[in-house]
Amino acid sequence: MLAETLTQAGRVDEAVALLIPLADRKRLSADQCFKLTRMLMFAGRLDEAQARARELLEIHRDSPTLWERIAQTKRFTPGDPDLGEMQKVFDRSSLARPAGRAAIATALAGAFVDLGDDELADRYLEARAAANRARYPFNARALEEAVRDIVGWCETDEVDHFAPACDGSERPIFILGTARSGTSLLDQIFSRHPEITGGGELRHFWLAARELGDCSTPQVRAFSGSWPELGRRYLALADERFGSGTRFTDKLLSNVYRIRAIRRALPNAHIIYISRRPLDVAWSCWRMQFDAESAWSNSPESIALHISSTRRIMAAWMRRYPDSITEVSYENLARNPDQEIPRLLQACGLSDDPATRQPQFSRRAVITMSYAQVRAPIHTGSIDSAASFPVATRKLRAALEAVGLSS
């Protein structure tokens, strides 16, 4: 569908403009109307998204996903009448239908986080996670093997063989970090610079480097193709998306496993790594409803493993490529944007620009669950966000300590 393609390209306002007349004339299916509510959320039009979700709810009163959508578009206050209706839907749900149970549990958990009810937030977060574990099995061994491979290789004396860089290899700015660490904020900051187009989560390098599989050491060593040609393929995909010669950001988080290949294909590319206090990352991930690609998000132990693994991998890459990766902490960025943003821009060969201090005015749509946060000015309100929920975070704290991370 054209509207979905436009949304994926960050042109969500165009997608919404295309669909609303059709919705108003009852020309869309219920599924298409539901997708429209998601697009409205990404466009920052939360009241409209909620109103259209409620229209659908009149027909599908017991839909867990509609209640989840409504919960995503509002902030709950004491006495909210939606709570009772949502709890009835939850009580009728079961693990026999884990997708619906996860959706309504997520909605209720978000409501009780808004209300500051630690024990009920804990109850429904546990229910959400249990339902998702039934849907998305997590392969911890594969993650641990990837960490061992990358860290082990970075500690060897094996020489990187860099071919001459392809033209334009300095154009991309790769933004990396764990989920919920502030990568979307950084993407919006850079997109406010007049020389940069915000790319969001691009799968372009994965597409360009398909013959490298998982970019593990055996795959990289076996690669017999041309690294500059791989870089050219990646840039050609970017040209189709952004226009020829444009500088752009790429914040696909799984690129953390591809840095060695990225360095060889695009040796002049810039990489920014944002780190954040582990407990704040864990708490934010625990409250999110991710998809099958993030099966690690459904238990405190696997969340801790995900955070620990990303930190270990990035530490190894930074030791290996100290001149190619610039690190910034979310806390420093939020507290000292006038100091940290110019430093990051300079690292990428960009002049300072005051517009980068106002990422909330970026016209680019964010099509991740950070859609609401990035529309607010840079702030420190998310620092130590777990402090008010000692019950709901107790297992997260224990899991982080078990992998050697201070909560």
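In this chain, residues are counted from 1 in sequence order. Because only heavy atoms are used, hydrogens play no part in the values below, and waters and symmetry mates are left out as well, while side chains stay in. Computed from a predicted structure; not experimentally measured.
One side chain, D149 or T217, offers a donor N or O that lies under 3.5 Å from an acceptor on the other. Under the 3.5 Å distance criterion, with hydrogens and angles disregarded, no donor-acceptor pair is assigned to the side chains of T178 and R276. Judged by distance alone, the side chains of T37 and R52 never bring a donor and an acceptor atom under 3.5 Å apart. A donor-acceptor contact closer than 3.5 angstrom links the side chains of S302 and S299. For the 3.5 Å distance criterion, the side chains of Q50 and R54 qualify, holding a donor opposite an acceptor. Using a 3.5 Å distance cut-off with no hydrogens or angles, the side chains of E401 and S406 do not pair a donor with an acceptor. With hydrogens and angles left out, the side-chain atoms of R135 and N132 include a donor and acceptor closer than 3.5 Å. In this structure, a donor-acceptor pair under 3.5 Å is absent between the side chains of D31 and S29.
The two residues G177 and T310 make their nearest non-hydrogen contact at C-CG2, 4.1 Å. The nearest pair of heavy atoms linking M41 to A49 is CG-CB, 3.8 Å. A238 and H204 get closest at one heavy-atom pair: N-CD2, 3.7 Å.
A salt bridge is absent between E195 and R247; no separation between the charged side-chain nitrogens and carboxylate oxygens falls under 4.0 Å. The pair R264-D160 meets the salt-bridge criterion, with a side-chain N (NZ, NE, NH1 or NH2) lying under 4.0 Å from an Asp/Glu carboxylate O. Between K74 and D82 there is a salt bridge, with a side-chain nitrogen of the basic residue lying less than 4.0 Å from a carboxylate oxygen of the acidic one. No salt bridge links D353 with R192; every basic N to acidic carboxylate O contact stays at or beyond 4.0 Å. A salt bridge links E340 with R343: at least one charged nitrogen is closer than 4.0 Å to a carboxylate oxygen. We find that R171 and D239 are joined by a salt bridge, their nearest charged nitrogen and carboxylate oxygen being less than 4.0 Å apart.
For the ring-ring contact (aromatic ring centres under 6.0 Å, His included) with F174, the lone residue among F190, Y234, F248, Y321 that qualifies is Y234.
In this structure, R258 fails the cation-pi test against F205, since its NZ or CZ atom is not both closer than 6.0 Å to the six-membered ring centre and inside 45 degrees of the ring normal. With Y330 as the aromatic partner, R277 does not meet the cation-pi criteria of under 6.0 angstrom to the ring centre and within 45 degrees of the ring axis. Remark: R320 is positioned above the aromatic ring of W153, its terminal NZ or CZ atom under 6.0 angstrom from the ring centre and at most 45 degrees off the axis.
Side-chain atoms of L212 and W206, non-hydrogen and from C-beta on, never get closer than 4.5 Å to each other. Side-chain atoms of W286 and R128, non-hydrogen and from C-beta on, do get closer than 4.5 Å to each other. D80 has its side chain out of reach of L115: every pair of non-hydrogen atoms, C-beta onward, lies at least 4.5 Å apart.
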Would you sort out whether F290 and W296 count as a ring-ring contact (aromatic ring centres under 6.0 Å, His included), showing the intermediate values? CA-CA 9 Å; F290 290 106; W296 51 263; 5.5 Å; yes
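The ring of F90 has its center closer than 6.0 angstrom to the ring center of Y124.
For residues 110-122, the side-chain hydrogen bond (donor to acceptor under 3.5 Å, both in side chains) pairs, not counting sequence neighbours, are R75-D114, D122-R394.
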